Structure formats: structure tokens, C-alpha cells
Number of protein chains: 2
Amino acid sequence: MSTVPDTPPRSPKAEQTRQSIIDAAMRLFRTNGYEKATMRAIADEAGVSIGNAYYYFSSKEHLIQAYYDRINAEHAEAAAAALAGTTTFSERLGAVLLAWVDVAEPYHEFAGKFFKTAAEPTSPLSPFSSESEATRLAAIDLHREVIDGSDLKLAKALRAELPELLWLAQMGVVLFWVHDTSDGQQRTRLLVRQAVPLIDRALRLTRLPGVRGLVDDVVGLVRTIKPKP
Amino acid sequence: MSTVPDTPPRSPKAEQTRQSIIDAAMRLFRTNGYEKATMRAIADEAGVSIGNAYYYFSSKEHLIQAYYDRINAEHAEAAAAALAGTTTFSERLGAVLLAWVDVAEPYHEFAGKFFKTAAEPTSPLSPFSSESEATRLAAIDLHREVIDGSDLKLAKALRAELPELLWLAQMGVVLFWVHDTSDGQQRTRLLVRQAVPLIDRALRLTRLPGVRGLVDDVVGLVRTIKPKP
DNA sequence: ACCAGGAGTTGAACACGTTCAAGAAGGAGC
DNA sequence: GCTCCTTCTTGAACGTGTTCAACTCCTGGT
């Protein structure tokens with residue numbers, strides 16, 4: 001769930017300091033927003049020196065990662081709860097996506113700033129970066145669970161790639177969400193509610209004679225394009 | 001084509017200074033990269049003071065806009081040339097997308113920095129922003145031309161929305177491209193070459209009995225979700 | 001010619017993220 | 001106790017993007 005710490009914890013004391021810095025950062029991000037929460041202010045709030053904050057987190061961006069992890073952890077929990085008792089694919093996918101919108105809602109205000117940072121390919125916060133691999137794989141696994149616990153019948157090849165594709169779709173939802181200025185991000189919820197049944201129908205169509213070959217080729221393309229061999 | 005300048009030009013002299021700053025920035029971005037090209041260095045190269053550079057461009061990010069405009073202008077030209085003489089949809093779409101990759105190649109190194117700026121929803125550089133509407137509409141029109149000049153036969157509703165959807169696909173290519181670290185962005189070119197025929201096939205499948213209803217609903221969803229009325 | 005007022009220009013100053021040389025604290029082996 | 005080494009901690013200092021009060025220059029009106 002949690003990504004690899006910047007520096008491996010050595011003593012309990014050190015781990016405690018590490019946590020207090022994260023807590024301070026969380027508090028200030030929430031109350032003051034991203035820009036106002038300077039490294040000096042965070043270090044101050046945590047009762048340590050600036051240099052010490054940098055001893056544990058090699059950059060401000062790395063500090064934000066803790067924030068990301070928290071959202072992801074909350075989502076994993078909320079999604080698990082929402083998945084319990086649902087069996088249809090539509091219900092399950094919708095539950096997971098809407099759970100994310102719910103969990104992320106309090107963070108929407110600064111989400112733009114976070115997004116900006118995460119968008120840069122070299123940033124450790126990028127959803128495609130190696131630093132966030134653990135988080136990414138966990139999220140993909142969640143979608144695998146969505147599929148496995150459902151009634152969906154698919155060709156083996158597609159079934160194998162689908163979790164990653166659904167995760168990509170989720171990233172699309174996030175992109176839409178970040179730009180969504182509607183009250184309570186209603187438009188994003190509308191998008192999810194309407195798109196999910198369509199995805200369901202589309203997936204069930206993949207077994208159609210004329211469509212099948214195309215799907216195989218799409219899967220082949222995905223495999224060609226995916227991360228380095 | 002060109003977006004609104006940060007400050008409206010007053011005197012010819014001022015416009016000249018403005019241009020010399022852009023030129024200096026271009027030169028330093030190319031030779032030194034984004035971070036090394038400091039505002040002080042740019043101002044120095046342009047023969048003006050730091051404060052003066054900020055008089056014309058309210059931030060370093062705003063300087064990038066000039067780059068954005070240049071890429072778009074070059075692409076429009078290259079795409080028009082590449083489209084001449086092609087008739088099949090695959091050829092035409094591929095030509096436009098590959099032309100973009102070609103045009104953008106020299107800028108790939110610091111594209112991540114540009115992307116970071118453009119990712120923030122409130123940024124005028126965001127491809128979804130109202131400030132970049134003119135550029136966006138021009139790009140969408142380019143895709144309309146791709147379709148209109150081709151042999152593709154589609155339902156009217158889909159045909160109407162397709163240019164925007166293709167533009168969205170192009171944004172997806174850009175996203176992939178930004179993260180593509182392969183030599184000369186070969187992987188992006190591979191993606192385009194392989195994905196284009198698949199898009200072609202998928203579009204031709206939309207007339208299939210079982211698929212048709214789904215496509216109609218997707219078009220309906222797109223219309224529901226699109227920008228505010 | 002003069003003036004008023006806006007356009008254009010300047011560089012010192014500010015706050016920020018980050019680095020680093022220096023030191024303090026802690027523990028393992030003796 | 002002492003020594004040595006690693007872990008942990010410090011704050012001054014650096015370079016950056018950006019701001020701003022003050023300045024000069026230019027232009028139109030009289």
C-alpha cells in the first residue's frame with residue numbers, strides 16, 4: 001500500500017521524527033494549501049530543522065507522496081467495502097470509481113497543484129513513474145478484483161490486460177475530475193454513472209465475430225507498447 | 001493560431017524588445033534546457049534587465065506559450081502538406097499524427113516542463129482552457145479535414161463528434177510521447193502506426209448491428225459531458 | 001518649448017526549495 | 001571509561017522565480 005520511503009527507517013526515534021514531519025505536512029497542506037505550506041513552515045510545525053526535513057524527504061515532491069499514499073489507502077478501504085455484496089461488473093466498476101470520487105473530494109481544491117507536479121514525467125509522483133509502481137500495481141490489482149468477482153466473461157488475452165486498461169480509464173476519470181469545477185464534482189459522477197454501463201456493454205461485445213479479431217489486435221498493441229521488456 | 005500575448009504591444013520598439021526576449025528564450029531553452037535557461041540568463045541574452053523581461057511576460061511559464069504556438073503553427077503546416085494526395089482514412093490520420101511527432105521532436109527534451117505547466121487546470125496553457133480555445137478548435141478542424149477528405153463512411157451523429165474524439169486521441173498520443181524516453185521517440189511512432197489501422201477498423205465496425213446502438217449511446221454520453229452550454 | 005502622464009526599464013530585495021559542511025547523538029567493540 | 005563509525009541534526013548559504021518602488025524615456029496636448 002505505502003510506497004517505498006525515501007530513506008529506510010533505522011531507529012524507532014528516527015521513524016517517529018519521519019512521521020511527525022509527514023503529519024505536519026498533512027496539517028499544513030490542508031489548512032494553508034500547497035504553496036503556503038513551505039518546507040520551512042512544515043519543518044517548523046514538526047519541530048525540526050529544514051535540513052532535517054530534507055534528511056528524510058529528499059524533496060518537497062517526495063513529501064507529497066505521503067499525501068498520495070493516504071488517498072490511495074483510503075480508496076482501497078472504501079472500494080473494498082463498496083465491492084462487498086456486488087456481483088455484476090457494472091456495479092463493481094461503478095462502485096470503485098465512485099468511491100474514488102468520494103474519497104478524493106476533500107482534496108479537490110489543491111488537486112490541481114498536485115496534478116501539476118504529478119504530470120511531469122520525471123516526477124516521482126507521476127502515476128507512471130517507477131517510484132509509484134507499488135501504488136500503481138495495487139490500484140491495478142483492485143481492478144483485477146473488480147473483474148474476478150464479477151459475472152463478466154471474456155477472452156483470456158483481454159481478461160489479462162483489462163485490469164491495466166481499467167486503471168487507465170480511472171486515470172482518465174481523474175483527469176476529468178481535476179478539470180471538473182461543478183459543485184461536488186457532480187459532472188464526474190455523472191460521467192462515471194453513464195460511462196460504466198457503456199464499458200460493460202462494449203466489453204460484452206468483444207465476443208462478437210467481427211469484433212473479436214480487432215480486440216485481439218488491440219490487446220497485441222497494448223502488449224507491444226507497455227513498459228520496457 | 002497565435003494565442004493572446006501577455007501584454008498587448010504598444011510601440012514598435014516595445015514589440016521588438018518583446019520578440020528579442022522570445023528569441024533569447026528560444027535559444028537558451030534549446031541549448032541549455034529549461035532549468036538552465038534562467039530568467040536572468042534569458043534577460044541577459046536579450047540585452048534587457050530581469051524586471052523588463054517580467055514586464056513583457058508575467059512568468060517564466062508564460063514564455064513557454066511562444067513555444068506552444070510555434071509547435072502548433074509548424075504542425076498545421078506539416079499536416080497540410082502530408083494530407084495532400086492521401087485519400088484513405090488510415091493514411092490521413094497517420095499522416096497528421098506522425099507529422100506532430102516529427103514537428104515536436106526537437107522540443108521533446110523540455111516538453112515535460114511544458115506539460116507540467118499545461119496540466120494545471122487553471123493554466124491558460126491547458127489544452128482545455130478557454131484561452132487556448134482558438135488553438136484547440138483549429139486542431140479539431142484539422143481532424144475534421146482528415147475525415148472529410150477520406151473514404152470513411154459513418155453514421156451522422158458519430159461523424160459529427162469524431163473530430164473532437166480524434167483530437168482527444170491525439171492528446172493521448174501527446175501524453176504517451178511526453179513519457180516516451182526511447183530514441184527519437186520511436187515507441188510513440190510505433191504506437192501511432194499500429195493504433196491508427198485499429199482505429200480505422202473499429203470505426204468501420206460501428207455500422208455493425210450489435211455495435212450501432214452502443215455507439216449511439218457513446219455519442220450521447222460525449223454530448224452530455226462536453227463543455228458547458 | 002514645456003509639461004503631464006503613461007509606457008518602458010532598472011536592479012535590489014524577497015521568499016522559496018535545496019545543498020552542504022559541520023557538528024551532536026547514539027551505539028558497538030574493547 | 002574510551003574510541004570509532006554511522007546515524008541524525010543543524011542553520012547558514014546558494015541560486016532560483018518573482019515583486020516593486022523608483023527611475024528614464026516617449027508622446028500628445030497646449
Side-chain angles (χ1 to χ4, degrees), chain A residues 5-22 24-25 28-29 32-67 110 113-114 116-118 120 122-125, chain B residues 5-25 28-29 32-67 110 112-114 116-118 120 122-125:
Chain A
D6 218 357
T7 302
R10 308 291 175 149
S11 71
K13 173 81 186 316
E15 181 56 25
Q16 193 180 329
T17 305
R18 214 188 107 87
Q19 285 301 326
S20 76
I21 295 173
I22 293 181
L28 291 184
F29 279 145
N32 298 359
Y34 177 69
E35 347 247 25
K36 292 292 183 62
T38 68
M39 287 301 278
R40 282 168 182 81
I42 292 170
D44 218 45
E45 175 89 5
V48 300
S49 69
I50 306 178
N52 202 12
Y54 274 93
Y55 178 77
Y56 288 101
F57 302 92
S58 58
S59 77
K60 191 178 182 183
E61 293 185 351
H62 278 83
L63 201 39
I64 303 180
Q65 186 118 20
Y67 222 76
F110 350 105
K113 299 295 188 304
F114 288 136
K116 174 179 175 163
T117 304
E120 194 179 359
T122 59
S123 167
L125 275 86
Chain B
D6 216 359
T7 301
R10 309 292 176 149
S11 71
K13 172 80 184 318
E15 180 57 24
Q16 194 180 327
T17 305
R18 216 189 105 88
Q19 285 301 325
S20 76
I21 294 173
I22 293 181
D23 288 347
L28 291 185
F29 279 148
N32 299 357
Y34 181 71
E35 346 248 26
K36 291 291 183 61
T38 67
M39 288 301 279
R40 283 166 182 80
I42 292 170
D44 216 46
E45 175 89 6
V48 301
S49 68
I50 306 179
N52 202 11
Y54 274 93
Y55 178 76
Y56 288 100
F57 301 92
S58 57
S59 77
K60 191 178 180 182
E61 295 183 348
H62 276 80
L63 256 178
I64 305 180
Q65 187 120 16
Y67 247 80
F110 84 94
K113 297 302 185 308
F114 167 77
K116 172 179 176 164
T117 303
E120 194 179 0
T122 59
S123 167
L125 276 81

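Chain letters run A, B, ... following the sequence lines, proteins first and then strands; every chain starts at 1. Since this is a predicted model, take the numbers as computed values, not measurements.
The aromatic rings of B:Y34 and B:F29 sit parallel to each other, their planes meeting at less than 30°, with 60° as the upper class boundary.
With rounding to whole Å, A:R18 atom CZ is found 17 Å from D:dT9 atom C1'. Straight-line distance from the CG atom of B:D44 to the P atom of C:dG11: 10 Å, rounded to whole Å. Whole-Å rounding puts the B:I42 CD1 to D:dT18 P distance at 10 Å. As a whole-Å value, the separation of B:Q16 CD from C:dG8 P is 13 Å. Distance B:Y54 OH to C:dA12 C1': 15 Å, rounded to the nearest Å. Distance A:E15 CD to D:dT7 C1': 14 Å, rounded to the nearest Å.
Nearest heavy atom pair, residue A:S20 against residue A:T17, reads OG-O, 2.8 Å.
Side chain to side chain, A:Q65 and A:E61 fail the donor-acceptor criterion of an N or O pair below 3.5 Å.
Without hydrogens or angle criteria, B:K60 side chain to B:A37 main chain gives a donor-acceptor distance under 3.5 Å.
When the nucleotides C:dT10, C:dA7, C:dG17 are ranked by their closest atom to the side chain of B:N52, C:dT10 comes out on top. Nearest nucleotide to the A:K60 side chain, out of C:dT9, C:dT18, D:dT9: C:dT18. The side chain of A:V48 lies closest to D:dT10 when the candidates are D:dT18, C:dT9, D:dT10. Taking only side-chain atoms of A:M39, from C-beta outward, the nucleotide of C:dT9, D:dG17, C:dG17 with the closest atom is C:dG17. Among D:dG11, C:dG11, D:dT19, the nucleotide with an atom closest to any side-chain atom of B:S49 is C:dG11. With D:dT18, D:dT16, C:dT9 as the choices, the nucleotide that has an atom nearest any side-chain atom of B:T38 turns out to be D:dT16.
Between B:Y55 and the phosphate of C:dT9, there is no side-chain N or O to OP1/OP2 separation shorter than 4.0 Å.
Interface remark: the B:R40 side chain does form a donor-acceptor pair with the D:dG17 base, using a distance-only criterion of under 3.5 Å.
Other residues, nucleotides and ligands contribute at most 12 non-hydrogen atoms within 6.0 Å of the CD atom of A:Q16.
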